[in-house]
Amino acid sequence: QVQLVESGGGLVQAGGSLRLSCAASGSIFRINAMGWYRQASGKQRELVATITSSGTTNYDSSVKGRFTISRDNAKNTVYLQMNSLKPEDTAVYYCNAQTYTLRNPYTALDAWGQGTLVTVSS
């Protein structure tokens, strides 16, 4: 199977920056889109940003211009650079990847990380 491990969360003051990383491992055949989602306390999980295998990106309007998603296909890793952080960015951030495994290279499976907490203080 495929495992996603996030890192880089923490506590930062408003206006500060953090960089999240998410590395995929396991019996990977191919990874299509990768992305970041977040879930604030008491709210539903929402899309933050996605990136295709060719590098096309998509952002939620609330983070556009402040966050940058990127990926290293050779390392099966996706990053989220977060600048000008606001208290409303506080949430658990989850990594997602559309994966094809060596065992089943024709069916895409959604893989999720365990989440990393980002707290922005005012």
Stepwise side chain to side chain contact (heavy atoms under 4.5 Å, CB included) test for S62 and R38: CA-CA 12 Å; S62 65; R38 66 186 180 187; 3.3 Å; yes
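- Taken from OG1 in T116 to CH2 in W36, the straight-line distance is 7.5 Å, to the nearest 0.5 Å.
- Each of Y94 and L18 belongs to its own hydrophobic cluster when Ile, Leu, Val, Met, Phe, Trp and Tyr are linked at side-chain heavy-atom distances under 4.5 angstrom.
- In terms of modelled atom types and a separation under 3.5 Å, the side chain of Q81 and the main chain of F67 share no donor-acceptor contact.
- Here the shortest heavy-atom pairing between I69 and G35 reads CD1-CA, 4.1 Å.
- Looking at residues two or more places apart in sequence or on another chain, you find a side-chain contact (heavy atoms from CB on, under 4.5 Å) between T99 and V2, I31, A97, L109, A111.
- The backbone N or O of T119 lies less than 3.5 Å from no partner atom in the side chain of T90, so there is not a single donor-acceptor pair.
- W112 has its ring centre less than 6.0 Å from the ring centre of Y37.
- Judged purely by atom type and a 3.5 angstrom limit, N104 has no side-chain atom pairing as donor or acceptor with the backbone of T101.
- In this structure, the side chain of E6 engages the main chain of Q114 through a donor-acceptor pair within 3.5 Å.
- In the hydrophobic clustering of ILVMFWY residues, with side-chain heavy atoms under 4.5 Å counting as a link, Y100 and I28 come out apart.
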Does S17 form a side-chain hydrogen bond (donor to acceptor under 3.5 Å, both in side chains) with N83? I'd like the steps, not just the answer. CA-CA 4 Å; S17 298; N83 299 328; 2.9 Å; yes
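- Put simply, CG on N58 and OG1 on T50 are 4.5 Å apart, with the number rounded to the nearest 0.5 Å.
- The structure places CE of M34 at 14.5 Å from OG1 of T57, a figure rounded to the nearest 0.5 Å.
- Distance check: L4 CG to C95 SG gives 4.5 Å after rounding to the nearest 0.5 Å.
- Side chain of R66 to backbone of S84: a donor-acceptor contact under 3.5 angstrom is found.
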For L20 and V118, what are the C-alpha separation, side-chain angles and deciding distance, and is it a side chain to side chain contact (heavy atoms under 4.5 Å, CB included)? CA-CA 9 Å; L20 306 183; V118 172; 4.1 Å; yes
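- Here R30 contributes atom CZ and S53 contributes atom OG; the two are 7.5 Å apart, rounded to the nearest 0.5 Å.
- Residues A49 and L80 approach most closely at CB-CD1, 4.4 Å, considering heavy atoms.
- Between Q13 and V120, the closest side-chain pair of non-hydrogen atoms is not below 4.5 Å.
- Formation of a donor-acceptor pair under 3.5 Å by the R71 side chain with backbone atoms of N76 is not found in this model.
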Between I51 and V78, does the side chain to side chain contact (heavy atoms under 4.5 Å, CB included) criterion hold? Intermediate values first, please. CA-CA 9 Å; I51 183 168; V78 63; 4.1 Å; yes
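- In terms of heavy atoms, A14 sits closest to P87 at CB-CD, 4.1 Å.
- Residues V92 and L117 are in side-chain contact: their nearest non-hydrogen atoms beyond the backbone lie under 4.5 Å apart.
- Put simply, Y93 and Y59 are part of the same group of oily side chains (I, L, V, M, F, W, Y) that touch within less than 4.5 Å, one to the next.
- L47 is not connected to V63 by any chain of hydrophobic side-chain contacts under 4.5 Å among Ile, Leu, Val, Met, Phe, Trp and Tyr, and they are in different clusters.
- Figure legend: R19 and Y79 shown as a cation-pi pair, the cationic atom lying under 6.0 angstrom from the six-membered ring centre and within 45 degrees of its axis.
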